[in-house]
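What follows is one structure encoded as structure tokens, with my remarks underneath.
Throughout, residue positions are numbered sequentially from 1 according to the sequence presented. Heavy atoms only: backbone and side chains are in, while hydrogens, waters and symmetry mates are out.
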Amino acid sequence: MRIGDAAAAAGTTPRALRLYEQRGLLPPPDRTPTGQRRYGPDDVARVRVVRELLALGLTIEDVRACVDRLPLLDVDAIRSRRVPEGVCVRASPVVSRRLAALDAEIARLTRQRDELAARSGPSPHPEAPAAASG
């Protein structure tokens, strides 16, 4: 299938497929005699895995660090946490580093939220409905 069809099948854009290819997440596809990219079902499955890993908070560089193990994954395994032992999303320094970065960002945002709340005065009780104006 051509790039537009492959992108649609994977739930992304042709631009993303070219980026994944450029960054080494997707091998260079076969080309037609006229030079157009040609993708197969395995390419679409790989793009779905890449997108799911990115949606979990990994970066392109994180995914690239375990690109050789991407064929071992499938989207359903990632979503259900049934990932084979030793694959990128389990027991990996890539994942550990990303979790640490996310934890640091959560802590930073929590401090920022607390500071804003402290400066804005008392907040209404979370269970209380907002008073209607009118």
Could you tell me whether a side-chain N or O of Arg48 sits under 3.5 Å from a main-chain N or O of Ala9, the two making a donor and an acceptor?
yes
For Gln36, does its backbone N or O pair with a side-chain atom of Thr32 as donor and acceptor, under 3.5 Å?
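A pair under 3.5 Å: yes.
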Trace of the side-chain contact (heavy atoms from CB on, under 4.5 Å) decision for Val63 with Tyr20
CA-CA 10 Å; Val63 175; Tyr20 298 161; over 6 Å; no
Do Val47 and Leu17 touch side chain to side chain, with heavy atoms closer than 4.5 Å?
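In short, these two side chains touch, coming nearer than 4.5 Å.
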Can you name the salt bridge (Lys or Arg N to Asp or Glu O under 4.0 Å) partners of [X], sequence neighbours left out?
| X | result |
| --- | --- |
| Arg119 | Glu115 |
| Arg46 | none |
| Arg51 | none |

Any pair counted as salt bridge (Lys or Arg N to Asp or Glu O under 4.0 Å), so long as it reaches residues 15-38, sequence neighbours left out
Glu21-Arg37
Give the minimum heavy-atom separation between Leu54 and Ile60, together with the two atoms involved.
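Of all heavy-atom pairs spanning Leu54 and Ile60, the closest is CD2-N, 3.7 Å.
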Give me the atom names and distance for the closest heavy-atom approach of Gly4 to Pro14.
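Nearest heavy atoms, Gly4 then Pro14: CA-CG, 4.1 Å.
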Qualifying residues under side-chain hydrogen bond (donor to acceptor under 3.5 Å, both in side chains), relative to Thr13, sequence neighbours excluded
none
Can you tell me how far CG of Leu58 sits from CD of Glu52, rounded to the nearest 0.5 angstrom?
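Nearest 0.5 Å value for the CD-CG distance: 10.5 Å.
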Report the C-alpha distance between Asp43 and Met1 in whole Å, list the side-chain angles of each, state the deciding distance to 0.1 Å, and finish with yes or no for side-chain contact (heavy atoms from CB on, under 4.5 Å).
CA-CA 10 Å; Asp43 298 311; Met1 66 187 87; over 6 Å; no
Side chains of residues 100-110: which donor-acceptor partners sit under 3.5 Å, not counting sequence neighbours?
| unit_1 | atom_1 | unit_2 | atom_2 | d |
| --- | --- | --- | --- | --- |
| Glu105 | OE1 | Arg108 | NE | 3.1 |
| Glu105 | OE2 | Arg108 | NH2 | 2.7 |
| Arg108 | NH1 | Gln112 | OE1 | 3.2 |
| Thr110 | OG1 | Ile106 | O | 2.8 |

